[in-house]
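For the single chain, residues carry numbers from 1 onward in sequence order. Heavy-atom basis, side chains included; hydrogens, waters and symmetry copies ignored.
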Amino acid sequence: MYESSAYLIIIYLTLIYLLFIFCSNHTMALVGPTKKIYSFGRGEEGQLGNRLTTDCSVPLPVLLPHEDDWSIKQIFAGGNQSLALCSLSQEPVKDLPGIVTALDMDTIDFWLSKCQKPKLWQQIRKKIKDLFSSTSSLNASFLDRSDDKHYRTSATCSGLDLVLLSTALAKLATKAKVLQEVETVIRDCLLPSLTGQPVGFEGLRVYYLLVELLHVPQLQQLSMGVADALLSLHPDRVAVLVGLWSRTPAFYRSAVETFCNVSRKHLSSLDVENRERTNLFMKTAGVLQRLHSASSKGSRCLADSVFHVTTVINTIETFVELCSLKAEREHRLIYHVEVDNDGLRIINNTNYYFRILLSLVKYPCILPVECKLKLWMYHLINATNLQPGRIQFNVHRGTVLKDTLICLRTSFHDPRLKLKVKFLEEDGLDDGGVSLEFFNTLAKELKEAEPQILEVNKEGVAWFSKKVAQLTDEFFLLGTLCGMALYNQCLMNIPFPLALFKKLLGLKPTLDDLMELSPTVAQSFIKLLDEDEEEAVRDLDLDFGGDAEDLDLLPNGQSIPLTKVNRQKYVDLQVDMVFSRSVEHQFKEFERGFLRGCPSPEWRMFLPDQLMTLLKGEEVFNWDDLRQNAAYEYCTPNDEIIKNFWRVFTEFSVEQKKDFLKFLTGTDRIPKVRSSSIMIIIKLTRYPQPELYFPMAETCFWILNLPNYSNIQTLRQKLLHAVEFCDGFGRK
């Protein structure tokens, strides 16, 4: 950062410090070329002139009044006093080449007080340009001088006084004339000069300033330039920057909220006539996504909800409606798409809104889960409507898994087509409900398949079997079926741990994930990490080798004993062994099948827990919502038979209610895409002798056909019988 002359000054000051440290309480030094005073030593009375009352072991600049007309001639130091003799300068003071000038509060005060004087304004403009066009000057400004923290700048310490930085910029904002000049210099000089690889940790300080600038309303037009600067940073630099910001959660949260606010502003004003707003939104949303991704891979200190742009849900609903209206007006299908140079599927050049909807999935961190679900449904409808034809599975209920694997192995299937399932010897037509029942049955059979594909532990959690001798393509087909379930908006309730969905999304499982799969083993590792005594760790007599069946944790691991120093690495390697190395082949095949079964990559916008719920469904359900959202045909909620139905339903146990849900929908879990708006329809069916008939369900449409029973006893008996013996469509 500093030129050679700056290093000579530091050496000079150090020599003075060594000469005086043993004979003085505090020392002052006047550096001739720069006419600056530096001080060090005892400072409890404020005698060091740096506005602190603490001792200082290294020379720091004395903060002097900003008077360009005065020149320092001599200095004195004694007791708890420091003096400087000054005289009127005969010639203007010039900045010495190679010396970095930092911005401080005195300089800002001088600008604000003198900016209305024409003669001084030209000098101020030059100074503003010199300071705000130089990353070196800005990186050397607003340093945290308490306890010399700015000398300890690292991946964990920025060396900045963030309160001072915020205060300085707030003060600048009080003078529009000065602020406008600062904005011009930053836009035209500073931002174009930034590179993606700033040197050292100190080189990242300027990005604190850039983000803080956006807090000033008058400077928010710099948002695109600031976003470009952050997006051009190398990922390694972004990771370091996010790590630094995470050390000061208040600043990090403020930075994220700033970009959320700017994104919200751009999003709310998107217009087909002003496409620059689209670019602005994409850039600020891109910054949020980069910050979130870096945070997810490191020490996450902010909740995912902090990154949400709350107006996006209204935008999605509005744009979907606009796309539909435009399609109707132009007498063509909304789903007729092309591919542009960026790989985005668009409807020619006219459907501006459709393009935005498709691109939103690139920034999942800004989307609340309800927005992701709407986009996911929108993408699936678009994808399946594009492809004519369907995949047809004809299976026997008693041999669902066997018949399905034969179908997958013996015929080619285009995974982009909609799946239709037919249970042989049954009457059900598949408008969604039969497929739900199909995958529900498959999930049960897969857990008990022979040869064993999945190992289910005593906690009921399933993981890939390590016994692969008798297996060929089963893991690939398992992944294919899970992908097909997701793509066809069905559920595959295999009790996989969260770790599987992390791996699908490219995230590493942790010790917390091992707690779900193997609680006893995980607890032993936690106990190991909490152990205080080195001897107790060594007494465990463990090493980095493997057992008779497993790979070594490290090459020649048996010769590396476990110690207190390497125990964290030992635990990390054990977790990696369970979730990755020991099942590397199984997971790769599963992932390959999953990608084939679900050809729409938009599933990657979900977080691991969201993706897990999307595939497995929700087990916990508010049963009161079922009644509140119910609709009725040929009857009303006030009819006696409807009152009797809800009395009986209320009497059901939780398991009986789940059985009813399976009877009505084909599965005992709630699809995530419908959990917030689940609605059943009760249709009253009138028979001359209703006691001869059982309730029937149209699973595809969640319709309950309820005969007109004359009393609650008959209704209870018939409904329980229908729920308990509901396997099969149209079978007697």
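- Residues Val361 and Trp376 fail the side-chain proximity criterion, which asks for heavy atoms closer than 4.5 Å.
- The shortest non-hydrogen separation linking Cys598 to Gly483 is CB-O, 3.4 Å.
- Residues passing the side chain to side chain donor-acceptor pair (under 3.5 Å) test with Ser411 are His413, sequence neighbours excluded.
- Once rounded to the nearest 0.5 Å, the distance linking CG of Leu507 with CG of Leu505 reads 6.0 Å.
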Step-by-step salt bridge (Lys or Arg N to Asp or Glu O under 4.0 Å) determination, Glu474 to Arg409: CA-CA 10 Å; Glu474 280 80 1; Arg409 286 169 175 153; 3.3 Å; yes
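- The two residues Ala485 and Leu615 have their closest heavy-atom pair at CB-CD1, 4.2 Å.
- For Arg152, the CZ atom counts as densely surrounded, since its 6.0 Å shell holds more than 12 non-hydrogen atoms of other residues, nucleotides or ligands.
- Using a cut-off of 4.0 Å between Lys/Arg side-chain N and Asp/Glu carboxylate O, Glu437 and Lys444 are scored as not salt-bridged.
- For Glu516 (side chain) and Leu498 (main-chain N/O), a donor-acceptor pair under 3.5 Å exists by modelled atom type.
- Looking at Tyr487, its side chain does come within 3.5 Å of a backbone N or O of Arg416 through a donor-acceptor pair.
- Taking 4.0 Å as the cut-off between side-chain N and carboxylate O, Asp228 and Lys283 count as a salt-bridged pair.
- Rounding to the nearest 0.5 Å gives a distance of 6.5 Å between CE of Met515 and CG of Leu511.
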side-chain contact (heavy atoms from CB on, under 4.5 Å) between His266 and Ser223, worked out: CA-CA 10 Å; His266 295 326; Ser223 58; 3.6 Å; yes
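- Not one N or O on the side chain of Asp543 forms a donor-acceptor pair closer than 3.5 Å with the backbone of Ile560.
- Not a single donor-acceptor pair under 3.5 Å links the side chain of Asn440 to the backbone N or O of Leu436.
- Taken from CG in Leu481 to SG in Cys490, the straight-line distance is 11.5 Å, to the nearest 0.5 Å.
- Leu291 places none of its side-chain heavy atoms less than 4.5 Å from the side chain of Leu302.
- The shortest non-hydrogen separation linking Trp603 to Leu504 is CH2-O, 3.6 Å.
- Crowding of Asp530 atom CG: a count of heavy atoms from other residues, nucleotides or ligands under 6.0 Å exceeding 12.
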Trace of the side-chain contact (heavy atoms from CB on, under 4.5 Å) decision for Val226 with Phe259: CA-CA 10 Å; Val226 175; Phe259 281 102; 4.0 Å; yes
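- Remark: side-chain polar atoms of Ser582 are paired, donor with acceptor, to backbone N or O of Met577 under 3.5 angstrom.
- Remark: the backbone N or O of Pro495 is not paired with any side-chain donor or acceptor of Lys447 at under 3.5 angstrom.
- Residues satisfying the salt bridge (Lys or Arg N to Asp or Glu O under 4.0 Å) test with Asp513, not counting sequence neighbours, are Lys502.
- For the salt bridge (Lys or Arg N to Asp or Glu O under 4.0 Å) test, residues two or more places apart in sequence or in another chain that qualify with Arg538 are Glu534.
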Trace of the side-chain contact (heavy atoms from CB on, under 4.5 Å) decision for Leu244 with Thr156: CA-CA 6 Å; Leu244 284 168; Thr156 59; 5.6 Å; no
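- For Lys503, there are no salt bridge (Lys or Arg N to Asp or Glu O under 4.0 Å) partners, not counting sequence neighbours.
- Of all heavy-atom pairs spanning Ala462 and Pro497, the tightest one is O-CD, 3.1 Å.
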Pair Met484-Ile391, side-chain contact (heavy atoms from CB on, under 4.5 Å): steps then yes or no: CA-CA 11 Å; Met484 290 179 70; Ile391 301 173; 4.3 Å; yes
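- Counting heavy atoms from C-beta on, the side chains of Gln452 and Ser465 come closer than 4.5 Å.
- Residues Gln197 and Arg237 form a side-chain contact, since some pair of their non-hydrogen atoms from C-beta on lies under 4.5 Å apart.
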Residues Thr399, Asp403; criterion side chain to side chain donor-acceptor pair (under 3.5 Å); working and verdict: CA-CA 6 Å; Thr399 54; Asp403 294 350; 3.0 Å; yes
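- Ser293 contributes no side-chain N or O that, together with a main-chain N or O of Arg290, makes up a donor-acceptor pair within less than 3.5 Å.
- The distance from atom CG of Leu553 to atom NZ of Lys569, rounded to the nearest 0.5 Å, is 10.0 Å.
- The aromatic rings of Trp245 and Phe251 sit perpendicular to each other, their planes meeting at more than 60°, with 30° as the lower class boundary.
- Taking SG of Cys482 as the start and CD of Glu591 as the end, the distance is 13.0 Å to the nearest 0.5 Å.
- Side-chain N or O atoms of Arg581 include none that pairs as donor or acceptor with a backbone N or O of Asp576 at under 3.5 Å.
- Contact check for Leu614 versus Lys372: no side-chain heavy atoms found under the 4.5 Å cut-off.
- In this structure Phe307 satisfies the ring-ring contact (aromatic ring centres under 6.0 Å, His included) test together with His292, sequence neighbours excluded.
- A donor-acceptor pair under 3.5 Å is formed between the side chain of Arg567 and the backbone N or O of Leu528.
- In this structure, Tyr363 and Val309 have side chains that are not in contact, with every pair of non-hydrogen atoms separated by 4.5 Å or more.
- The pair Glu584-Lys588 meets the salt-bridge criterion, since a charged nitrogen lies less than 4.0 angstrom from a carboxylate oxygen.
- No more than 12 heavy atoms of other residues, nucleotides or ligands sit less than 6.0 Å from atom CD of Glu535.
- Between Arg205 and Ser158, the shortest heavy-atom contact is NE-O, 2.9 Å.
- Contact of the Leu611 side chain with the Leu486 side chain is registered, since non-hydrogen atoms from C-beta on lie closer than 4.5 Å.
- Around CG of Asn556, the count of heavy atoms belonging to other residues, nucleotides or ligands within 6.0 Å does not exceed 12.
- For Lys402, the salt bridge (Lys or Arg N to Asp or Glu O under 4.0 Å) criterion is met by no residue, not counting sequence neighbours.
- Residue Val242 comes nearest to Ala294 through the heavy atom pair CG2-CB, 3.7 Å, listed as atom of the first residue, atom of the second, then distance.
- To the nearest 0.5 Å, atom CG of residue Asp572 and atom NZ of residue Lys508 are 7.0 Å apart.
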Working for ring-ring contact (aromatic ring centres under 6.0 Å, His included), residues Phe579 and Trp463: CA-CA 9 Å; Phe579 289 115; Trp463 194 236; 5.5 Å; yes
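- In this structure, the side chain of Arg253 does not engage the main chain of Val306 through any donor-acceptor pair within 3.5 Å.
- Looking at heavy atoms from C-beta onward, Leu405 lies in side-chain contact with Leu401 at the 4.5 angstrom threshold.
- No side-chain donor from either of Asn261 and Glu257 sits under 3.5 Å from a side-chain acceptor of the other.
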